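Step one of this worksheet: look at the structure below.
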Amino acid sequence: MSNSNIRVRFAPSPTGPLHIGGVRTALYNYLFAKKMGGTFILRIEDTDQGRYVPGAEEYIIDSLRWCGLLPVEGPGFGGEYGPYRQSERKDIYGEYAVQLVKNGKAYYAFDTSEELDAKREAEKAKGNHNFRYDNATRNEMKNSLTLSGEETQKRLAAGEPYTIRLKIPVDETVTFTDLVRGEVSFETNELDDKVLLKADGMPTYHLANIVDDHLMKITHVIRGEEWLPSSAHHILLYRAFGWEATMPQFAHLPLILKPVGNGKLSKRDGAKFNMPVFPLAWEAEAAEDSFSGFREFGFLPEATINFLAFLGWNPGTEQEIFSLEELSAAFSIEKIGKAGARFDYDKAKWFNQQYIHAADPQQLKELVRPLMAAKGYEVSDEFLVSYCELMKDRVVLLTDFIDEGQYFFTGVSSFDDQNIAKRWSPEVKTSFESLTGIIEQATDFDAASLEAAVKSFINDNGLKMGTIFPLLRIALAGTMKGPDVFKMIELLGKADTVGRLQKAVKYFDNI
RNA sequence: GGCCCGUUCGUCUAGGGGUUAGGACGCCGCCCUUUCACGGCGGAAACACGGGUUCAAUUCCCGUACGGGCUACCA
């Protein structure tokens, strides 16, 4: 499958639906792997038992599948480095944590969450807002550094709850080169002694991540910017394990920001701006926790991917429409931007429009068919293909195929009264009825022949196109908008067309 | 508050010591047209600010402002 040693992973936490920023992270990992001939891996980081949400893992995989970003290795995908679900690797982490303690790189801590919370509150009351469990404060805490070896062993033997914390060195500067940001530095005196192993025996993200990335031979860690501050801890962990030589390279992605206002894009913004912020719909008990997705809004996966790819990256050329394959070929980490990117829903729609315009009507038919079925509209494949051909230039979302041409399937439900009143008169009515007759008697029922027949009728009777055409259109569609009138007539067929015209005349008379 | 990261049109961005600062979305106008679209053409619209460095800075450096992230036994 791969012809290089490049291995990247997308490592989401199954705590709910995968938001669109997560999809972009997956995309960049995927593109980088493809570009380099490497391997794209999915790893499920379910070490927080409290936040685990059933169905979330399935949702993640469904989303990746919809986007066309399937991993080569991962839960359900096989691979030599499994299991790929961290909850199934629980036993591994404890041993590594203990190894660190033995090497003096980590220590047992007996302070409970409650005690630490109380400590923070107490410090805050004294005006110290940044209490940290770190190399300055750990000597005041209950841990294997302050307790005698005997006491520590006694507590462990007694089954007293404990965590294992990373012993951050004093007075060092941790510097590394981020592939997106360049050189980044942190002072170890500013770093806290992160918990590596929790009291429930589960590892924290920090431990599990480093151990798994090492064991799975990950070469590049491409993740969101929210991880930048803890990267120093991760570097220190690689050093503590003696794995620095094979440490992966880091690339921290800029975040996706709200369309307006401050902060990063949140699930709330979907409802607020009537736009999707998840790839697929997510059903939860509470309505406010249920969401529609890009798919349900009528986006093509290719367009969604194309849009996402350009949120924080661009190829440096003026080409904007890229297939997944083209993106893979053009992708490079150096072209990733550093600043956060605002989510631009108009641009997302534009991408989708471009893909619909370029799509084959046969293909559109397949995509529109389920939407039709949901509405209870039943038409033949042939009709639907022609309809898609007719409408695709005036559609932005797949759902517009339903909304914009509803009258094709349901008949006209409301007429544009204002425009009827402007043109309708007894004289026009007479002409209109004659015109209906001409259409009824037409032998060649194709758009070109119909147009010729109607135009010669208009000319022969000294009528105005500007009067007849709009009325014809409104009679058939109810609105002034829509595709070519004669193509509409051809698609509707003689019986339907004549029926609509007769019905319209009655209605027009009553305006 | 502390730490880290960032800052080119409203938005996504290209560019980079000397450019008429380019493209796209959106917006406006014109053309095409039986309508709406599509398409074509054109327009308004940006280097956050202050100091350096330099013959020259939007581009390099330092500050400031602003924005973002992190600051849990969550990821």
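Basis for what follows: all heavy atoms, side chains included, without hydrogens, waters or symmetry-related copies. Below, chains carry the letters A, B, ... as their sequence lines are ordered, and counting in each starts from 1. In this text the structure is predicted, and so the values were computed from the model without any measurement.
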Quantified in whole Å, what is the [atom1] atom distance between nucleotide [N] and nucleotide [M]?
N: B:A21; M: B:C9; atom1: P; result: 15 Å
N: B:C74; M: B:G17; atom1: C1'; result: 47 Å
N: B:A48; M: B:C66; atom1: C1'; result: 8 Å
N: B:U59; M: B:G68; atom1: C1'; result: 23 Å
N: B:C25; M: B:A46; atom1: C1'; result: 15 Å
N: B:U19; M: B:A57; atom1: C1'; result: 13 Å
N: B:G26; M: B:A45; atom1: C1'; result: 11 Å
N: B:C61; M: B:G16; atom1: P; result: 15 Å

Roughly how many Å is it from [atom1] in [X] to [atom2] in [N], rounded to a whole number?
X: A:Ile458; N: B:U34; atom1: CD1; atom2: C1'; value: 9 Å
X: A:Phe250; N: B:C4; atom1: CZ; atom2: P; value: 18 Å
X: A:Asn419; N: B:U34; atom1: CG; atom2: C1'; value: 12 Å
X: A:Ile468; N: B:U35; atom1: CD1; atom2: C1'; value: 15 Å
X: A:Leu253; N: B:G6; atom1: CG; atom2: P; value: 14 Å
X: A:Phe322; N: B:G23; atom1: CZ; atom2: C1'; value: 13 Å
X: A:Leu390; N: B:A37; atom1: CG; atom2: P; value: 16 Å
X: A:Tyr407; N: B:U35; atom1: OH; atom2: P; value: 15 Å

For B:A14 and A:Asn314 - does any side-chain N or O of the residue sit under 4.0 Å from the phosphate oxygens OP1/OP2?
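Yes.
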
Is A:Lys335 near enough to B:G15 that one of its side-chain N or O atoms lies under 4.0 angstrom from OP1 or OP2?
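Yes, because at least one side-chain N or O of A:Lys335 sits under 4.0 Å from OP1 or OP2 of B:G15.
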
Please work out if [X] contacts a base, only the sugar-phosphate, or nothing of the nucleic acid, heavy-atom cut-off 4.0 Å.
X: A:Gly312; result: sugar-phosphate
X: A:Gly482; result: base
X: A:Gln353; result: sugar-phosphate
X: A:Asp484; result: base
X: A:Val395; result: nothing
X: A:Pro259; result: nothing
X: A:Asn130; result: base
X: A:His252; result: nothing

For the side chain of A:Arg394 and the base of B:C36, is some donor closer than 3.5 Å to an acceptor across the two?
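Checked by distance alone, the answer is yes.
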
For a quick check, tell me whether the side chain of A:Lys347 and the base of B:A24 share a donor-acceptor pair closer than 3.5 Å.
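It does, because a donor-acceptor pair links the side chain of A:Lys347 to the base of B:A24 below 3.5 Å.
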
Residue matched to [N] through Watson-Crick or wobble contacts both under 3.5 angstrom:
N: B:C27; answer: B:G43
N: B:U7; answer: B:A65
N: B:A56; answer: none
N: B:G1; answer: B:U71
N: B:C32; answer: none
N: B:C38; answer: none

A:Leu18 side chain near A:Phe10 side chain, heavy-atom distance below 4.5 Å:
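Yes - at least one pair of side-chain heavy atoms lies under 4.5 Å apart.
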
Got a salt bridge between A:Lys142 and A:Glu160, using NZ or NE/NH1/NH2 to carboxylate O under 4.0 Å?
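Salt bridge flag = no for A:Glu160 with A:Lys142.
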
Check each of A:Asp193, A:Thr163, A:Thr146 against A:Tyr107 using the side chain to side chain donor-acceptor pair (under 3.5 Å) test, and report the only one that passes.
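Passing option: A:Asp193.
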
In Å and rounded to the nearest 0.5 Å, what is the CZ to NZ distance from A:Phe486 to A:Lys455?
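The NZ atom of A:Lys455 is 6.5 Å from CZ of A:Phe486, to the nearest 0.5 Å.
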
Distance (rounded to the nearest 0.5 Å) between A:Leu472 CG and A:Thr467 OG1
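The OG1 atom of A:Thr467 is 12.0 Å from CG of A:Leu472, to the nearest 0.5 Å.
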
Quick one: on RNA chain B, does A:Met480 or A:Phe310 contact a more 5' nucleotide (nearest heavy atom)?
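Taking each residue's closest nucleotide, the earlier one in sequence belongs to A:Phe310.
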
Hey, which of these two, A:Phe186 or A:Phe343, hits RNA chain B nearer its 5' end, going by closest nucleotide?
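First, find each residue's nearest nucleotide; the 5'-ward one identifies A:Phe186.
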
Which nucleotide, B:A14, B:U34, B:C3, lies nearest any side-chain atom of A:Arg473?
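Between B:A14, B:U34, B:C3, the one nearest the side chain of A:Arg473 would be B:U34.
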
Among B:G6, B:C4, B:G23, which is the nearest nucleotide to the side chain of A:Glu318?
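For the A:Glu318 side chain, the nearest candidate turns out to be B:G23.
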
Do the ring centers of [X] and [Y] come within less than 6.0 Å of each other?
X: A:Phe408; Y: A:Tyr387; value: yes
X: A:Tyr355; Y: A:Phe299; value: no
X: A:Tyr205; Y: A:Trp227; value: yes

Going by atom types only, do A:Thr173 and A:Glu187 share a side-chain donor-acceptor pair under 3.5 Å?
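Yes, because at least one side-chain N or O of A:Thr173 sits under 3.5 Å from a partner of the opposite role on A:Glu187.
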
Can a cation-pi geometry be assigned to A:Arg24 and A:Tyr28, taking NZ or CZ under 6.0 Å from the six-membered ring centre and within 45° of the ring axis?
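Verdict for A:Tyr28: a cation-pi partner in A:Arg24.
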
Can a cation-pi geometry be assigned to A:Arg155 and A:Tyr108, taking NZ or CZ under 6.0 Å from the six-membered ring centre and within 45° of the ring axis?
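No - A:Arg155 does not lie over the ring of A:Tyr108 by the 6.0 Å and 45° rule.
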
Can you give one letter per nucleotide of nucleotides 65-75 of chain B, going 5' to 3': B for a protein heavy atom under 4.0 Å from the base, S for sugar-phosphate only, - for none?
--SSBS--BBB

